[in-house]
Structure formats: C-alpha cells, structure tokens
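As the structure is a computational prediction, the values presented were derived from the model and not from experiment. Just follow the structure's listing: the first ligand is 1, and inside any ligand the first atom is 1.
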Amino acid sequence: MDSLQSLRLYVPEPTGRPGRETDFSYLHLSPAGAVRKPAIDATPVDTADLAFTLVRVLDEDGRAVGPWAPAQPDVPLLKRGLRAMMKTRAFDAKMLIAQRQKKISFYIQCLGEEAIAVAHAFAIQPGDMCFPTYRQQGLLLAREDIPMAELICQLMSNGRDPMRGRQLPVMYSYKRAGFFTISGNLATQFIQAVGWAMASAIKGDTNIASAWIGDGATAESDFHTALTFAHVYRAPVILNVVNNQWAISTFQAIAGGEATTFAARGVGCGIASLRVDGNDFLAVLAASRWAAERARSNLGPTLIEWITYRAGAHSTSDDPSRYRPADDWQHFPLGDPIARLKQHLEVLGAWFEEEHRRTQEQLEAEVGAALKEAERFGGTLIDGHVPPLESMFEDVYKDMPPHLHEQLRQARG
Ligand SMILES: Cc1ncc(C[n+]2csc(CCOP(=O)(O)OP(=O)(O)O)c2C)c(N)n1
Ligand SMILES: [Mg+2]
C-alpha cells in the first residue's frame, strides 16, 4: 500500500501572466495554405484532421494561398469587408469613450475579433438567422440598413431604444437583419439556433441558422445539448466557437482547450468540424461559405472553431492587466485582422495609405455624428432622464396578468 500515490487534480494555467510573456506555441498553428479543403459533402469523420490543424489563407506577405484561397480576388467585396471591420473598430472605440464619459453604463468591444462576424456577414443570405453573443456587433455594422444612431440609442436605453430599455446595453435584437435577440445567459444561443434551424427544415424553408459561443461558454451543458440535436437531425446550422483565449479572467484551457481543441468536440459528436484562423478575413469567408453551403444542401451542421485573441478588456467592467501580460496582443501570432486584410489589398494594388487614412477619418466622423444624433433622444446617465414607472410593466406580456396590474397599482402608491 505504501507504493500508492496520493491522488491529485490538474489545474491548467496560462503560460503568460502579468510580467511574464505568453508562450503562444500552445496554439499549434499551421502555415498559410497548408490545410486541405474537403469536398462539400465530406462526412464528419472525413474532417477529423481539420479539427486539429488550422485553415489559413493569408500568408506573412499578405498573399492569398492554398486550397481555401479564392480563384480570383473579389476586390469590391474585400474593400467592403475592410471598411466594415474599420467601422466596427471605430464604433467600439467611440463607445468605450462614451462609457467613460458616463453617456452609457456598459459596453463590450470586439477589438481584434472583427473578421469573425464581418466576414461571416458576407457568407450568409437574407432570411438566414444569426444567434450571436455580445461580441458579434460586426454582423450589424457590416450592413448598410442598420443605423448606427439606433444602436447607440439601445446602448443608452433612451427614448428611441428599439428594445425600450428591456435589455442590457449591447444586447441588440434585429429580426429584419437576421440578428436574433442576444441572450445574456451564455450558451443559450446554441440551443436556440439549433431549434430554429430544425424548425426551418420542418417547415421546408430554405433559410439556415448560425450560432455563436465563446470558448468559456462551451463548458455549459447547453453547448453539448445543441451538438447532439444538430448531429442527430442534421440541422441546417453553423456552430461558431470563438476561441479568443479568455473567458473574462479565465484562460481557455480551463474550459478544456489544452489537451484537445474545441473543434474536436464537433467531430466527437458526428459533426463536420474546422479549426480556422479567425484573424484572416479570407479564411473566415471561405470557411463560412463552406459551412453555409453544406447547411443549405441538407448536408448537416458544421462546427467551426475560430482562433483569435480578445485584444481588449472583457467589458468596461474588467481590467485584464490583473491577469495577463499587458502587451499580449502584440505577440499574438495571428496578428490583427484589419492590418492583415489591408496588407492583402495593398499587395493586390487595390488599397493605398491615403485611402486608408481618408476612410478612417470618414468612419470616425460617421460614428461621431451618430452619437450626437442618439444623444438628442436623451437617456444618457448624466442627463438624469428616467422613463415613466409604468413602462417597466409594458411589453412583458401581451395581456398584462392580474398580479402585474396589482404590482403596478402598488408602485404608483
Ligand atoms: C450562464 C452564464 N454564466 C456566466 C455568465 C457570466 N459571464 C458573462 S461573459 C462570461 C465569459 C464568457 O467567456 P467566453 O464564452 O469565452 O466568451 P468571450 O467573452 O470571451 O467572448 C461570463 C462567465 C453568464 N452571462 N451566463
Ligand atoms: Mg472567450
């Protein structure tokens, strides 16, 4: 008995901490262009190797290489993509300042992750339904039909907030833009999306669903339930796992990203899976189109793990300098999605520094004007505007039940 070891648990730790540089070799990257592109009707098992490699298109020199690269560059689309990513970043930067100025109470930016939502927006079609988390504002900002001022009204919960103050700031809802109401309860979007996709198929529609979840939230049971239903019924859904390395202050290894990949969860559940460079606009576009085509052709779901880095704080309530090196993003080997697409367009001779500077200025002016417009509808934290008490009871039930009538009566005094 003396030879028996006492048992112990293993607790994963990030290699980097404040004052100690991260060793990013844990990411296991593949060179650009090295990973094969399977046929659209590949079986889930046939994608098993792709759950452990990394689909990349843009190389170090900004060239598009390998089987996932387009036969011909679509320059107008690439320019729209770059502009939409720059717009998303400009919007985030301005809203962070607005939060510091107490114009809004809370904000979540997607700095460094812009390509994932923006390129995906170009891969889906009108009528499809996205079930995003709070970090896919790029889906909305990539569109021309969602006024920025209206988004800001939501952030302010003011008189023109389409959600009428019922949602936390950033929890947008745009049915007409295929943007399902964001759920603050992590992982619920996954089961909602699979259910929506199954309903679309039951009705014989042609629209597909796309769901988002973070690395941390995959530890929720809803994630696994969604995978089972998607697999069994071959639901027409894209299952996006955004591995941005962090879940607030918790490293992705704590959610189970160390000994295997998040993409491998898909293969283990009989779902075709890809692990993709999420900071490579062209890789995101190609992989999203591949998954969308599968879903649309009744070939079933695809799970895609997007490798990226949450460059900013989790939210305005977080201070990442407490738990990770302050300059971590500068060392992240997959770089900055905006800088990489800009470099590619420059290599194509389709983008110039002067145009970049002008676009940046235009976008900043556009966001500034939208903020001013939104402020006209009141509701910033500093102007003291408070909606009428009664409004708290409205829009919850179609017909207000008796107990709420009673509560309203009591609240009025
Ligand atoms: C069910 C549930 N548990 C916990 C939280 C609190 N919470 C909000 S965001 C977050 C971290 C999520 O990390 P991740 O899934 O990696 O997404 P990311 O923020 O990195 O995009 C946590 C724990 C929540 N909103 N819902
Ligand atoms: Mg995360």
**OP:** For this output row, return yes or no: ring centroids of His344 and Trp351 closer than 6.0 angstrom.
**Re:** no

Subject >> Any donor-acceptor N or O pair under 3.5 Å, side chains Thr261, Arg275 >> reply: no

Original post:
With a 6.0 Å cut-off on ring centres, are His314 and Tyr323 close enough?
Top reply: no

**OP:** Have a look at ligand 1 and work out which part of Gln252, if any, has a heavy atom under 4.0 Å from it: side chain, backbone, both or neither.
**Re:** neither

Original post:
Looking at Arg160 and Glu373, does any basic side-chain N land under 4.0 Å from a carboxylate oxygen?
Top reply: yes

Subject >> Between Gln252 and Tyr26: side-chain donor-acceptor atoms closer than 3.5 Å >> reply: no

Original post:
In terms of residue, atom name and distance, what is the protein heavy atom nearest to atom 12 (C) of ligand 1?
Top reply: Tyr134 OH, 3.4 Å

**OP:** Please verify whether a non-hydrogen atom of Asp215 lies at under 4.0 Å from ligand 1.
**Re:** yes

Original post:
How about Phe180 and Trp196: are their ring centroids closer than 6.0 Å?
Top reply: no

Original post:
To which of Ala187, Ala247, Cys110 does the heavy atom nearest atom 13 (O) of ligand 1 belong?
Top reply: Ala247

Original post:
What atoms in ligand 1 come closer than 4.0 Å to a heavy atom of Asn244?
Top reply: 18 (P), 20 (O), 21 (O)

**OP:** Name the closest protein heavy atom to atom 25 (N) of ligand 1, giving the residue it belongs to and the distance to 0.1 Å.
**Re:** Gly184 O, 2.8 Å

**OP:** Please state whether Arg310 comes within less than 4.0 angstrom of ligand 1, counting heavy atoms only.
**Re:** no

**OP:** Find, among atoms of Asp215 that are N, O or S, the one nearest to the Mg ion (ligand 2), and state its name.
**Re:** OD1

Subject >> Non-hydrogen atom of Ile248 closer than 4.0 Å to ligand 1 >> reply: yes

Original post:
Can you tell me which residue and heavy atom of the protein come closest to atom 16 (O) of ligand 1, and the distance to 0.1 Å?
Top reply: Gly216 N, 2.9 Å

**OP:** For a ring-ring contact (aromatic ring centres under 6.0 Å, His included) with Phe190, tell me which candidate from Phe223, Phe131, Phe229 qualifies.
**Re:** Phe223

**OP:** Measure the distance from atom 7 (N) of ligand 1 to every protein heavy atom, then report the residue, atom name and distance (to 0.1 Å) of the closest one.
**Re:** Leu186 CD1, 3.7 Å

